[in-house]
K.L.:
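This is the structure, below, for whatever I ask next.
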Amino acid sequence: MADKEALCEKIKEIYPDIGECGIDVTVDYDQENKAWVVDLKKDRHELKTFLEPEDAETCMLGKQCIGLGIQIAQLKDNIMKT
């Protein structure tokens with residue numbers, strides 16, 4: 001299983017402006033849902049999405065980050081619009 005710090009760093013690598021534009025990102029594993037929770041916060045806005053462990057592993061191995069990228073882009077766009 002992916003390490004939460006490594007997964008968080010991978011997200012920041014894909015979207016380096018997340019920290020720079022005031023969006024904070026955290027990643028935690030949700031035992032109940034058996035999935036990673038990616039949480040983006042900006043000011044009083046907060047959005048969360050689930051990332052399946054298989055998708056996180058594939059991304060961390062450098063094989064494919066499309067699913068993760070699409071989810072993070074959607075969350076980022078939603079935060080920036082509000």
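Only a predicted model underlies this, so the values are computations on that prediction, with no experimental measurement involved.
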K.L.:
With a 4.5 Å heavy-atom cut-off, do Phe50 and Val37 have their side chains touching?
P.N.:
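Side-chain contact under 4.5 Å: yes.
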K.L.:
Rounded to the nearest 0.5 Å, what separates atom OG1 in Thr26 from atom CG in Leu40?
P.N.:
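So the gap between those two atoms works out to 8.0 Å.
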K.L.:
Would you check if Lys41 and Asp39 make a side-chain contact, meaning some heavy-atom pair closer than 4.5 Å?
P.N.:
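Yes, at least one pair of side-chain atoms sits under 4.5 Å.
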K.L.:
Closest approach of Glu52 and Lys34, non-hydrogen atoms and distance?
P.N.:
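For Glu52 and Lys34, the tightest heavy-atom pair comes out as OE1-O, 4.2 Å.
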K.L.:
Leu7 pairs by side chain to side chain contact (heavy atoms under 4.5 Å, CB included) with which of Lys12, Glu57, Met60?
P.N.:
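By the side chain to side chain contact (heavy atoms under 4.5 Å, CB included) criterion, Leu7 pairs with just one of Lys12, Glu57, Met60: Met60.
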K.L.:
Looking only at atom types and distance, does a side-chain atom of Asp30 sit under 3.5 Å from a main-chain N or O of Glu32, one as donor and one as acceptor?
P.N.:
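Side chain of Asp30 to backbone of Glu32, a donor-acceptor pair under 3.5 Å: yes, one is there.
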K.L.:
Return the minimal non-hydrogen interatomic distance between Pro53 and Ala35, and the atom names on each side.
P.N.:
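Here Pro53 and Ala35 meet closest at CD-CA, 4.1 Å.
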